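Beneath this line is the structure, given in structure tokens, with notes to follow.
Predicted model only: the values in this text are computed from it and were never measured.
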Amino acid sequence: MDGPHCATVLAVVNQKGGVGKSTTAVNLSACLGDLGRKVLLVDLDPQGNATSGYGLNRNQRSQCIYDALLGEADIDSLIEPVEVEHVFAVPATIQLAGAEIELVSAMSRETRLKTILAPVLGDFDFIIIDCPPSLGLLTVNALTAAQGLLIPIQCEYYALEGLSKLLDSVRLVRSHLNPKLEVFGVVMTMFDVRTKLSQLVVDEVRDFFDGKVFDSLIPRSVRLSEAPSFGQPVTLYDPNGKGAQAYRALAKEVIDRV
């Protein structure tokens, strides 16, 4: 990258729920941190799964990303270290659910997150934004602030369903708010090595997103789905398991792509 050091900003987005979005945001940020990159994980989902995935208590916070979006807090005051070296997080609380409505009448409502993150772009190698499973104003803020989209897609029948809607939103944001936005990569999640369907879906998605799909396949794994309930990324909860290995491989691919 030329010029002064500037973070690569990636929005983890898919308006379908349950595709491994927060799991990917948490574990990818942990693996990037393990590889010596300084990472900021921004939880933009009112459900706060990325926040609790790092063991940060959502209920004991007086402020979260919501306060920054409404101009009532500085981003610096919200950044917290997590259990993984080099990794920091901006937590979300249920308050964020109100932001969709409150931002509707706000000035420059689509660019709030971009403005908030501007002062810290030089402090990190990566900023990863975990988006809500919808295409509302919060997600539009993430698309406006990001350089690239990281799209997790589950290896199941209706994998590509709804993606045309997401890509329409991307085109709109690109033409009106963020001309540099592109699909950075597609992550296939919940891959089941025992089923033919999983491989068929991967092939189908590879055809659809020519050259954008990462080689690393994230397996369906009990340990991977258990880790968040212990407030840990899988690299701490089950460091030698298949899930941790897959996210490490993905992190290396992400670094190579940048």
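With hydrogens and angles ignored, the 3.5 Å screen pairs a side-chain donor or acceptor of Ser221 with a backbone N or O of Leu224. No donor-acceptor pair closer than 3.5 Å links the side chain of Lys21 to the backbone N or O of Val12. A donor-acceptor pair under 3.5 Å is absent between the side-chain atoms of Arg220 and the main chain of Phe191, judged by distance alone. At distances below 3.5 Å, at least one donor-acceptor pair connects side-chain atoms of Asn141 with backbone N or O atoms of Arg112. Checked by atom type and distance alone, the side chain of Thr189 pairs as donor or acceptor with a backbone atom of Val19 at under 3.5 Å. With hydrogens and angles disregarded, a donor-acceptor distance shorter than 3.5 Å links the side chain of Glu253 to the backbone of Asp215. Judged by distance alone, the side chain of Lys212 and the main-chain N or O of Val183 form a donor-acceptor pair under 3.5 Å. When atom types are taken as modelled, the side chain of Asn27 and the backbone of Val234 share a donor-acceptor pair closer than 3.5 angstrom. Although no hydrogens or angles enter the test, the distance criterion places no donor-acceptor pair under 3.5 Å between the side chain of Gln47 and the main chain of Pro132. In this structure, Tyr54 contributes its side chain and Ala89 its backbone to no donor-acceptor pair below 3.5 Å.
Taking 4.0 Å as the cut-off between side-chain N and carboxylate O, Arg223 and Asp238 count as a salt-bridged pair.
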Can you give the donor-acceptor pairs under 3.5 Å from side chains of residues 149-157 to other protein atoms, not counting sequence neighbours?
residue, atom, partner, partner atom, Å
Gln154, NE2, Glu156, OE1, 3.2

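With sequence neighbours excluded, no residue forms a salt bridge (charged side-chain N to carboxylate O under 4.0 Å, His left out) with Asp43. For Glu204, there are no side chain to side chain donor-acceptor pair (under 3.5 Å) partners at least two apart in sequence or on another chain. For Tyr237, the ring pair (Phe, Tyr, Trp, His ring centres under 6.0 Å) test picks out Phe230, with sequence neighbours left out. For Glu100, the side chain to side chain donor-acceptor pair (under 3.5 Å) test picks out no residue, with sequence neighbours left out.
For the residue pair Tyr247 and Thr23, no side-chain donor N or O sits within less than 3.5 Å of a side-chain acceptor on the partner. With hydrogens and angles left out, the side-chain atoms of Ser134 and Gln15 include no donor and acceptor closer than 3.5 Å. Residues Asn178 and Thr144 have side chains that never bring a donor and an acceptor to within less than 3.5 angstrom of each other.
Residue-environment remark: NZ (Lys16) exceeds the threshold of 12 foreign heavy atoms within 6.0 Å. For Asp210, the CG atom counts as loosely surrounded, since its 6.0 Å shell holds 12 or fewer non-hydrogen atoms of other residues, nucleotides or ligands.
The two atoms that bring Cys131 and Val13 nearest to each other are SG-CB, 4.1 Å, heavy atoms only. Nearest heavy atoms, Cys64 versus Pro91: CB-O, 3.3 Å. Heavy-atom minimum distance, Asp125 versus Gly36: OD2-O, 4.4 Å. Residues Asp192 and Ser198 come closest through the heavy atom pair N-OG, 2.9 Å. Counting all heavy atoms, side chain and backbone alike, Leu117 lies closest to Ala145 at CD1-CB, 4.3 Å. Between Ser77 and Gln63, the closest heavy-atom pair is OG-OE1, 4.4 Å.
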Exercise. Val254 and Phe214: side-chain contact (heavy atoms from CB on, under 4.5 Å), yes or no, with the steps?
Worked result: CA-CA 9 Å; Val254 166; Phe214 290 105; 3.9 Å; yes
For this session: Could you please spell out the steps behind the salt bridge (Lys or Arg N to Asp or Glu O under 4.0 Å) verdict for Asp168 and Lys165?
Result: CA-CA 5 Å; Asp168 285 345; Lys165 233 189 201 145; over 6 Å; no
Problem set entry | Pair Leu10-Ile127, side-chain contact (heavy atoms from CB on, under 4.5 Å): steps then yes or no | CA-CA 6 Å; Leu10 300 175; Ile127 294 179; over 6 Å; no
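The hydrophobic clustering, which links ILVMFWY residues whose side-chain heavy atoms are closer than 4.5 Å, places Val173 and Leu163 together. Note on Leu166 and Leu177: same hydrophobic cluster, where clusters join Ile, Leu, Val, Met, Phe, Trp and Tyr whose side-chain heavy atoms are under 4.5 Å apart, directly or indirectly. Cluster membership check: Val258 shares its hydrophobic cluster with Val87, using side-chain heavy-atom separations under 4.5 Å among Ile, Leu, Val, Met, Phe, Trp and Tyr. Following chains of ILVMFWY side-chain contacts shorter than 4.5 Å, one can reach Phe184 starting from Leu32, so the two form part of one hydrophobic cluster. Ile255 and Leu40 are assigned to two separate hydrophobic clusters, defined by single-linkage of ILVMFWY side chains at heavy-atom distances under 4.5 Å.
Counting only residues at least two apart or in different chains, salt bridge (Lys or Arg N to Asp or Glu O under 4.0 Å) contacts with residues 63-92 comprise Arg61-Glu80.
A cation-pi arrangement is found for Lys38 relative to Phe88, the charged atom lying closer than 6.0 Å to the ring centre and inside a 45° cone about the ring normal.
Taking the side chain as every heavy atom from C-beta outward, Arg37 and Phe124 never approach each other to under 4.5 Å.
Taken from OG in Ser216 to CG in Leu250, the straight-line distance is 5.0 Å, to the nearest 0.5 Å.
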